[in-house]
Amino acid sequence: MQEILEKIGYTGFANFDIKYDKRDQKFKIFEINIRQGRSSYYVTQTGHNMAKYLVEDCVAQRELPIEYNQSEYLFSIVPKMVLRHFVFNPTVKKDIRRLIRQKKWGNPLFYSADRSLKRSSYLFARQVNYVKKYSQNKW
């Protein structure tokens with residue numbers, strides 16, 4: 001991905017939507033989002049302040065070295081119950097259990113400072129709907 005972006009002269013943030021196709025055992029790129037996305041939450045949770053990098057690069061005009069994030073964090077918008085009951089790959093399931101146990105997981109929609117009843121009700125309903133959705137489908 002880095003090579004593609006460098007060849008086109010792109011600088012900045014980018015998220016890639018990628019899916020593994022077991023038919024030909026290759027990863028497929030669906031799209032490149034040239035912005036911070038919701039999934040960038042895990043980057044912040046592993047100690048990398050994306051806003052700081054942006055300010056250093058674009059405002060302070062400082063050349064920053066490429067930094068690869070090797071930390072692990074489980075980003076999920078579905079409840080833990082869905083992860084525990086509907087992920088069937090034993091290796092992935094083991095990683096999920098380990099990261100939850102280590103408290104290295106989270107849902108970016110839940111923000112402890114926002115405790116409004118309306119938002120809490122919406123998020124609760126959303127989580128219940130995920131459980132219903134996954135339990136009623138045959139994957």
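Bear in mind that the values here come from a model prediction, so they are computed numbers and not experimental data.
- When side chains are defined from C-beta on, K19 counts as touching F30, because their heavy atoms get closer than 4.5 Å.
- The same ILVMFWY cluster, assembled from side-chain heavy atoms under 4.5 Å apart, contains both M81 and V92.
- Within 6.0 Å of atom CZ in F124, 12 or fewer heavy atoms from other residues, nucleotides or ligands are found, so the atom counts as exposed in its surroundings.
- In this structure, R35 has no salt bridge (charged side-chain N to carboxylate O under 4.0 Å, His left out) partners at least two apart in sequence or on a different chain.
- We find the CG-CD distance between D95 and Q102 to be 9.5 Å, quoted to the nearest 0.5 Å.
- One distance of note links NZ of K94 with CG of L99; it measures 12.0 Å at 0.5 Å rounding.
- Contact check for Y10 versus I34: side-chain heavy atoms found under the 4.5 Å cut-off.
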Any chance you could lay out the salt bridge (charged side-chain N to carboxylate O under 4.0 Å, His left out) test for K26 and D24, step after step, and finish with the verdict? CA-CA 6 Å; K26 293 182 179 179; D24 62 3; 5.2 Å; no
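- Minimum heavy-atom separation, C58 to Q61: O-NE2, 2.8 Å.
- The CZ atom of R62 sits 11.0 Å away from the CG atom of D57 when rounded to the nearest 0.5 Å.
- The distance from the CG atom of N49 to the CD atom of E56 is 10.0 Å, given to the nearest 0.5 Å.
- Taking both residues in full, the closest heavy atoms of M1 and F16 are given as SD-CD2, 3.3 Å, listed atom of the first, atom of the second, then distance.
- Considering every non-hydrogen atom in both P108 and F75, the closest pair reads CG-CE1, 3.3 Å.
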Check the pair S71 / Y42 against side-chain contact (heavy atoms from CB on, under 4.5 Å), numbers first and verdict last. CA-CA 9 Å; S71 302; Y42 79 91; over 6 Å; no
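- Between the side chains of N69 and T46, at least one donor N or O lies within less than 3.5 Å of an accepting N or O.
- In this structure the side chain of Y68 reaches within 4.5 angstrom of the side chain of Q2, judged on heavy atoms.
- Under a hydrophobic clustering in which Ile, Leu, Val, Met, Phe, Trp and Tyr are joined whenever their side-chain heavy atoms come within less than 4.5 Å, directly or via other members, V128 and F110 fall into different clusters.
- Using modelled atom types, no side-chain atom of S40 and backbone atom of Q36 make a donor-acceptor pair closer than 3.5 Å.
- In the model, Y122 has no side-chain atom that pairs as donor or acceptor with a side-chain atom of Q127 under 3.5 Å.
- Atom CG of L109 sits about 6.0 Å away from atom CZ of R119, to the nearest 0.5 Å.
- Smallest separation of non-hydrogen atoms from P79 and Y130: CD-CB, 3.7 Å.
- How far CD1 of I4 is from CD1 of I8: 8.5 Å, rounded to the nearest 0.5 Å.
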Passes side-chain contact (heavy atoms from CB on, under 4.5 Å), Y41 versus N107? Steps please. CA-CA 9 Å; Y41 174 78; N107 181 332; over 6 Å; no
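- Side-chain contact between L83 and L74 is present, with at least one heavy-atom pair separated by less than 4.5 Å.
- Of all heavy-atom pairs spanning W105 and I100, the tightest one is CD1-CA, 3.5 Å.
- Counting only heavy atoms from C-beta outward, the side chains of I29 and D17 never approach each other to under 4.5 Å.
- Here the side chains of E72 and R98 are in contact, with some heavy-atom distance below 4.5 Å.
- A donor-acceptor pair under 3.5 Å is absent between the side-chain atoms of K28 and the main chain of D21, judged by distance alone.
- In terms of heavy atoms, V78 sits closest to Y134 at CG1-CE1, 4.1 Å.
- Residues passing the side chain to side chain donor-acceptor pair (under 3.5 Å) test with S120, sequence neighbours excluded: none.
- For K7, the NZ atom is loosely surrounded, since the number of other residues' heavy atoms within 6.0 Å does not exceed 12.
- Proximity of V82 to K133: side-chain heavy atoms (C-beta onward) are nowhere separated by under 4.5 Å.
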